[in-house]
Amino acid sequence: MGGAIRNWAAISGAPTRAMVKPLTGREMWGSDRLEAIGNYKVVTRYFSGLTEKDRIVIDSRNGQIRFVANVDYMDDWLEITVQLGPAT
């Protein structure tokens with residue numbers, strides 16, 4: 001029928017441990033219910049294959065990557081801005 005299935009897979013070689021710090025949080029109405037949205041900073045070891053098209057899972061919650069920064073361009077650490085909450 002020509003349908004496409006979108007599926008997520010783990011990135012081979014990607015770090016699995018990170019420091020997660022909350023930045024901001026808010027609540028908003030959407031689809032007749034109250035939804036919580038939180039922004040977090042994730043710091044992890046450098047990985048060259050990570051982009052804003054990927055996602056991060058934190059405590060079984062899917063996070064949308066908003067920005068990936070290579071700290072001091074030294075290829076040691078990544079600072080990733082992540083939004084947890086409803087899909088936008």
Side-chain angles (χ1 to χ4, degrees):
M1 302 290 285
I5 298 174
R6 177 178 242 177
N7 195 7
W8 294 97
I11 299 174
S12 178
T16 57
R17 294 180 183 227
M19 178 193 71
V20 180
K21 289 181 67 174
L23 297 176
T24 61
R26 63 187 167 105
E27 294 177 334
M28 58 185 270
W29 283 98
S31 302
D32 292 329
R33 66 178 181 210
L34 190 61
E35 298 176 334
I37 297 173
N39 292 315
Y40 294 82
K41 178 172 80 170
V42 176
V43 178
T44 189
R45 291 277 184 194
Y46 177 79
F47 177 71
S48 63
L50 193 66
T51 68
E52 287 81 5
K53 293 180 182 178
D54 298 315
R55 72 174 178 171
I56 291 180
V57 179
I58 300 172
D59 290 335
S60 301
R61 294 177 60 198
N62 296 329
Q64 297 175 339
I65 297 175
R66 296 297 185 197
F67 184 70
V68 179
N70 182 359
V71 178
D72 297 329
Y73 295 100
M74 297 293 291
D75 295 345
D76 288 328
W77 299 100
L78 291 178
E79 281 188 4
I80 308 161
T81 304
V82 178
Q83 183 180 47
L84 292 179
T88 55

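Nothing here was measured: the structure is a model prediction, and the numbers come from that model. All residue numbers refer to positions in the sequence shown, counting from 1.
Taking CG of D75 as the start and CG of L78 as the end, the distance is 8.5 Å to the nearest 0.5 Å. To the nearest 0.5 Å, atom CD of residue E79 and atom CG of residue D72 are 9.0 Å apart.
Sorted by first and then second residue, the side-chain hydrogen bond (donor to acceptor under 3.5 Å, both in side chains) pairs with a member in residues 37-50 read T24-N39; sequence neighbours excluded.
Atom CG of D59 sits in a sparse spot, with 12 or fewer heavy atoms from other residues, nucleotides or ligands closer than 6.0 Å.
In the hydrophobic clustering, where aliphatic and aromatic side chains (Ile, Leu, Val, Met, Phe, Trp, Tyr) are joined below 4.5 Å either directly or transitively, V57 stands alone. Summarising the hydrophobic clusters (Ile, Leu, Val, Met, Phe, Trp, Tyr; side-chain heavy atoms under 4.5 Å, direct or chained), the residues clustered with M19 are V43, V71, W77.
Nearest heavy-atom pair, D76 versus N70, reported as atom, atom and distance to 0.1 Å: N-OD1, 4.4 Å. Contact between T51 and V68 at its shortest, heavy atoms only, is C-CG2, 4.3 Å. Summarising the geometry of A18 relative to V42, their closest heavy-atom pair is CB-CG1, 3.5 Å, with the distance given to 0.1 Å.
Qualifying side-chain contact (heavy atoms from CB on, under 4.5 Å) partners for F67, counting only residues two or more places apart in sequence or in other chains: E52, A69, T81. Qualifying side-chain contact (heavy atoms from CB on, under 4.5 Å) partners for R17, counting only residues two or more places apart in sequence or in other chains: none.
Tested against Q83, the residues I37, I56, L23 include a single side chain to side chain contact (heavy atoms under 4.5 Å, CB included) partner, I37.
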